[in-house]
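Worksheet: one structure, shown below.
Counting begins at 1 with the first residue of the sequence. Both counts, for ligands and for their atoms, begin at 1 and track the order of listing.
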Amino acid sequence: MSRVLVTGAAGFLGSHLCDALLARGEEVIGVDNFSTGRPENLAVARAHRAFVLLEQDVCNPLAVSGELDAVCHLASPASPADYLRLPLETLRAGSRGTETAIALAAEHGARFVLASTSEVYGNPLVHPQPETYWGNVNPIGPRSVYDEAKRFAEALTAAYARTGCLNAGIARIFNTYGPRLRPGDGRVVSNFVAQALAGEPLTVYGEGTQTRSFCYVEDLVDGLVRMIDAEVLGPVNLGNAVEVTVLELAQCVLELTGSTSRIVHRPLPADDPTRRRPDVARASELLGWKASVSLREGLARTIQWWARATATAQ
Ligand code: NAD
Ligand code: UDP
């Protein structure tokens, strides 16, 4: 592998993926329209001579001259607050944007990796979720702009792969957190850490008994890189198999920050999945991958980064 294009490069995951690829000697072309990403996420990448950024919408045709070995398609709003604010843009990034990225990969004979999501399982009726589970998604609910866009993106990827013209892989990413989460992006770790450090109440939606399985970004990016290198279509779940309730997460953030913030309850958003945990057997079998950073360790690193980033910004 020598030259990789990453869409969504200025985002939380995309920027870490660019850094990891540059660190192992790849040339990286980043694509981003900065709709939810931030220029500062690319500070490390931009310091490399092997990095270039194309500032453009992934829905417009991508023209890249020279060889290309892989295309990783991460461009899409990902936080529920973002995709509810950008519903049509989210549907386009998953549909037109995916087709544009696939066309580029096919033109160059490059491997294509789709960043899909555990949201394709919707509010799952099977627990934990294996890749063979087809999901339980409300096709016209508010979250459908994201869920159905990703389901379409998976269908498109699988259809191209079936033609034999595309070497493709589908990664179903479960909730991931870590440095470079955008303060105010509305995701639960961003909200709780920001609230705890500011001494504001932690907003638990509903009773806080709903569960998620949180993966540290370093682990996740390692899984994505293995997916680039592998020859498998998958789909493959990438996530940490340790499941916690939202209330347990809030308590852990309070403990690690030493914050005296209260916990307050707010209404549960529509169609919020009640529980989510990846079955990670396939990731282990096909990629030799398993998350290794514990929630406490990952949160401690995230909180440390967050406190430093906030102090520098002031
Ligand atoms: P993010 O919002 O931080 O990053 C997304 C990036 O894509 C941003 O830089 C944004 O500006 C860019 N983008 C959006 N639409 C674009 C467009 N039309 N053209 C060009 N750039 C565009 O989100 P993230 O957490 O880094 O997620 C990255 C990918 O991983 C997404 O596809 C998301 O669905 C997937 N994913 C993430 C998680 C997670 O927990 N972080 C979980 C499941 C799936
Ligand atoms: N959540 C919460 N408080 C917040 C933000 C989110 O209780 O301030 C809950 C949300 O309702 C969901 C879980 O935390 O049950 C994870 O939410 P997030 O938006 O991070 O990701 P999701 O898994 O819903 O895509």
Open item on the list: Is it the case that the side chains of Asp185 and Thr36 hold a donor-acceptor pair, with the cut-off being a distance below 3.5 Å and no angle test?
Closed with: no
- [ ] Verify the distance criterion only: is there a donor paired with an acceptor across the side chains of Ser2 and Asp69 at less than 3.5 Å?
- [x] yes
Heavy-atom distance under 4.5 Å between the side chains of [X] and [Y], does that happen here?
X: Arg111; Y: Val71; value: no
X: Arg187; Y: Arg182; value: no
X: Asn237; Y: Phe174; value: yes

TODO: Please work out which of Gly8, Gly37, Ser76 has its closest non-hydrogen atom nearest to atom 5 (C) of ligand 1.
DONE: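 Closest candidate by heavy-atom distance is Ser76.
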Closest heavy-atom contact between [X] and [Y]?
X: Ala196; Y: Val253; answer: CB-CG1, 3.8 Å
X: Asp219; Y: Val293; answer: OD2-N, 2.8 Å
X: Pro179; Y: Phe12; answer: O-CE1, 3.2 Å
X: Leu224; Y: Leu238; answer: N-CD1, 3.9 Å
X: Ser95; Y: Leu91; answer: OG-O, 2.6 Å
X: Asp271; Y: Arg143; answer: O-CD, 3.5 Å

Quick check: does [X] get an N/O under 3.5 Å from an N/O on ligand 1?
X: Gly11; answer: yes
X: Ser116; answer: no
X: Thr117; answer: no
X: Phe12; answer: yes

Closest protein heavy atom (residue, atom, distance) for [atom]:
atom: atom 27 (O) of ligand 1; value: Ala78 CB, 3.5 Å
atom: atom 10 (C) of ligand 1; value: Thr36 OG1, 3.2 Å
atom: atom 16 (C) of ligand 1; value: Asn33 OD1, 3.4 Å
atom: atom 9 (O) of ligand 1; value: Asp32 OD2, 2.6 Å
atom: atom 43 (C) of ligand 1; value: Ile173 O, 3.0 Å
atom: atom 41 (N) of ligand 1; value: Arg187 NH1, 3.0 Å
atom: atom 28 (C) of ligand 1; value: Leu74 O, 3.6 Å
atom: atom 26 (O) of ligand 1; value: Leu13 N, 2.8 Å

Heavy atom under 4.0 Å from ligand 1: found in [X]'s side chain, backbone, both, or neither?
X: Glu89; result: neither
X: Arg92; result: neither
X: Asn175; result: backbone
X: Tyr177; result: neither
X: Phe34; result: backbone

Open item on the list: Less than 4.0 Å is my threshold; does some heavy atom of Thr7 fall inside it relative to ligand 1?
Closed with: no
Open item on the list: What's the separation between atom CD1 in Ile29 and atom OG1 in Thr7, rounded to the nearest 0.5 Å?
Closed with: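 Spacing of CD1 (Ile29) from OG1 (Thr7) equals 12.5 Å.
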Task: Spacing of CZ belonging to Arg92 relative to CG belonging to Leu88, to within rounding of 0.5 Å - done: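 Those atoms lie 5.5 Å apart.
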Suppose I only count heavy atoms of [X] and a 4.0 Å limit; which atoms of ligand 1 are within that range?
X: Val58; result: 17 (C), 18 (N), 19 (N), 20 (C)
X: Lys150; result: 31 (C), 32 (O), 33 (C), 34 (O)
X: Tyr146; result: 33 (C), 34 (O), 36 (N), 43 (C), 44 (C)
X: Gln56; result: 19 (N), 20 (C)
X: Ser35; result: 10 (C), 11 (O), 13 (N), 14 (C), 15 (N)

TODO: Mind running side-chain contact (heavy atoms from CB on, under 4.5 Å) on Trp289 and Ser284 for me, showing each step along the way?
DONE: CA-CA 5 Å; Trp289 179 85; Ser284 165; over 6 Å; no
Task: Residue Glu248 excluded, over 12 heavy atoms near CD under 6.0 Å - done: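 Count over threshold, so yes.
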Task: Exceeds 12 heavy-atom contacts within 6.0 angstrom, atom CZ of Arg301 - done: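 Enclosed.
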- [ ] Look at Arg180 together with Glu40 and state whether they make a salt bridge at an N to O cut-off of under 4.0 Å.
- [x] no
Present, as a list of atom pairs with distances to 0.1 Å, all nitrogen or oxygen contacts under 3.5 Å between ligand 2 and the protein.
from: ligand 2; atom 1: 3 (N); to: Thr203; atom 2: O; distance (Å): 2.6
from: ligand 2; atom 1: 7 (O); to: Tyr205; atom 2: N; distance (Å): 2.8
from: ligand 2; atom 1: 8 (O); to: Asn191; atom 2: ND2; distance (Å): 2.8
from: ligand 2; atom 1: 8 (O); to: Thr203; atom 2: O; distance (Å): 3.2
from: ligand 2; atom 1: 8 (O); to: Thr203; atom 2: OG1; distance (Å): 3.0
from: ligand 2; atom 1: 8 (O); to: Tyr205; atom 2: OH; distance (Å): 3.4
from: ligand 2; atom 1: 11 (O); to: Asp272; atom 2: OD2; distance (Å): 2.6
from: ligand 2; atom 1: 15 (O); to: Gln210; atom 2: NE2; distance (Å): 3.0
from: ligand 2; atom 1: 15 (O); to: Arg212; atom 2: NH2; distance (Å): 3.3
from: ligand 2; atom 1: 15 (O); to: Asp272; atom 2: OD1; distance (Å): 2.6
from: ligand 2; atom 1: 15 (O); to: Asp272; atom 2: OD2; distance (Å): 3.3
from: ligand 2; atom 1: 20 (O); to: Val188; atom 2: N; distance (Å): 2.8
from: ligand 2; atom 1: 21 (O); to: Asn175; atom 2: ND2; distance (Å): 3.4
from: ligand 2; atom 1: 23 (O); to: Asn175; atom 2: ND2; distance (Å): 2.8
from: ligand 2; atom 1: 23 (O); to: Arg212; atom 2: NE; distance (Å): 2.6
from: ligand 2; atom 1: 23 (O); to: Arg276; atom 2: NH1; distance (Å): 2.8
from: ligand 2; atom 1: 24 (O); to: Arg143; atom 2: NH2; distance (Å): 2.9
from: ligand 2; atom 1: 24 (O); to: Arg212; atom 2: NH2; distance (Å): 3.3
from: ligand 2; atom 1: 25 (O); to: Arg143; atom 2: NH2; distance (Å): 3.4

Task: Listed once per pair and sorted, the side-chain hydrogen bond (donor to acceptor under 3.5 Å, both in side chains) pairs that draw on residues 203-215, sequence neighbours left out - done: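 Qualifying pairs, neighbours excluded: Gln195-Thr203, Thr211-Glu243, Arg212-Asp272.
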